[in-house]
Amino acid sequence: MVTTPLLDTLFLSLTWLGSLALLLPATMVYAAGLWRSNLRDAAQLLGAGLCLSAALARLLKLLFRCPRPVAGDLLVSMPAGWSFPSAHAAQATAFFLTLALLAHRLRPGPGAHATALICGFLAATVGFSRFYLRVHFFTDVLAGTLLGATLVALLVRAKTQSPSPSR
């Protein structure tokens, strides 16, 4: 893989967008705003998507126990723990996919399409950054991405199929 100082800096920055240390506070702030705006379903979707993707990714790591790539001269410290699936990819996918869905639900139109494109780009680049930085195999990133997307799809489906509360 071709690396350059510019790409190194770019992917070192982008990888943080999949970190639970960044996504959890962002989710809490955004979900609180949604909750205060009486958009409780949206707040719950955002929180559940992130939390479930983070928890399930970590449980799957323990189940599969796949070692991380062996690489020297890394730009980051090799993370502790197992490699499969990529928690960064799962978390970023769940978070940004939910933001894209909420944009379409809450503010349909061209702005929602632009938001969806930006969210898709950010989720994809977080996943690629993990591969670029050589802390995950491509299959780890792919599995994390599929995990995050599947969880959000299941949560959305469960919500649309659940009966509305009676008044």
Side-chain angles (χ1 to χ4, degrees), residues 1-31 42-103 115-161:
M1 179 180 312
V2 175
T3 62
T4 68
L6 178 61
L7 288 175
D8 294 351
T9 301
L10 175 68
F11 288 118
L12 281 168
S13 299
L14 286 171
T15 202
W16 280 103
L17 293 178
S19 168
L20 198 56
L22 181 110
L23 290 177
L24 191 56
T27 297
M28 290 169 40
V29 168
Y30 191 47
Q44 291 169 348
L45 177 62
L46 186 63
L50 179 66
C51 292
L52 287 173
S53 66
L56 194 51
R58 280 151 183 82
L59 286 172
L60 290 172
K61 285 176 182 285
L62 293 174
L63 177 67
F64 289 106
R65 296 177 181 259
C66 294
R68 290 194 179 265
V70 176
D73 260 353
L74 294 176
L75 296 171
V76 295
S77 300
M78 183 63 77
W82 303 105
S83 188
F84 182 89
S86 168
H88 273 69
Q91 294 160 182
T93 299
F95 180 80
F96 289 114
L97 176 58
T98 302
L99 289 185
L101 291 172
L102 293 178
T115 299
L117 285 172
I118 292 167
C119 287
F121 174 77
L122 291 173
T125 55
V126 167
F128 185 76
S129 75
R130 305 307 285 168
F131 178 69
Y132 179 91
L133 295 171
R134 296 180 288 156
V135 296
H136 279 290
F137 294 104
F138 178 75
T139 51
D140 303 337
V141 172
L142 181 61
T145 301
L146 291 173
L147 173 64
T150 301
L151 281 170
V152 170
L154 290 172
L155 288 168
V156 168
R157 182 175 178 161
K159 185 59 185 167
T160 58
Q161 291 183 346

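The structure presented is a predicted model; accordingly, all values stated were derived computationally and were not measured.
In this structure, Leu102 and Thr98 have side chains that are in contact, with non-hydrogen atoms separated by less than 4.5 Å.
Looking at Arg68, Arg130, Lys61 one by one, the single match for side-chain contact (heavy atoms from CB on, under 4.5 Å) with Ser83 turns out to be Arg68. For the side-chain contact (heavy atoms from CB on, under 4.5 Å) with Cys119, the qualifying choice from Thr115, Leu117, Leu122 is Thr115, the only one to do so. Partner of Phe95 under the side-chain contact (heavy atoms from CB on, under 4.5 Å) criterion, chosen from Leu97, Leu99, Thr93: Leu99. Paired with Phe11 under the rule ring pair (Phe, Tyr, Trp, His ring centres under 6.0 Å), one option of Tyr132, Trp16, Phe131 passes, and it is Tyr132.
For Asp73 against Arg134, the heavy-atom pair with the smallest separation is O-NH2, 2.9 Å. When all heavy atoms are compared, the tightest approach of Gly144 to Pro85 is N-CB, 3.7 Å. Listed here is the closest heavy atom pair of Thr27 and Gly47: CG2-CA, 3.8 Å. Ala89 approaches Val141 most closely through the heavy-atom pair CB-O, 3.7 Å.
In this structure, OG in Ser13 is found 10.5 Å from CG in Asp8, a value given to the nearest 0.5 Å. Expressed to the nearest 0.5 Å, how far NE2 of His88 lies from OG of Ser53 amounts to 12.0 Å. Rounding to the nearest 0.5 Å places CG of Leu133 at 10.0 Å from CE of Met78. Once rounded to the nearest 0.5 Å, the distance linking CG of Leu147 with CZ of Phe84 reads 9.0 Å. Note that CG of Leu60 and CG of Asp140 are 11.5 Å apart. Values are rounded to the nearest 0.5 Å. Between Leu52 atom CG and Thr150 atom OG1 the span is 12.5 Å, to the nearest 0.5 Å.
Every residue meeting the side-chain hydrogen bond (donor to acceptor under 3.5 Å, both in side chains) condition with Arg58, not counting sequence neighbours, appears here in chain and number order: Gln91.
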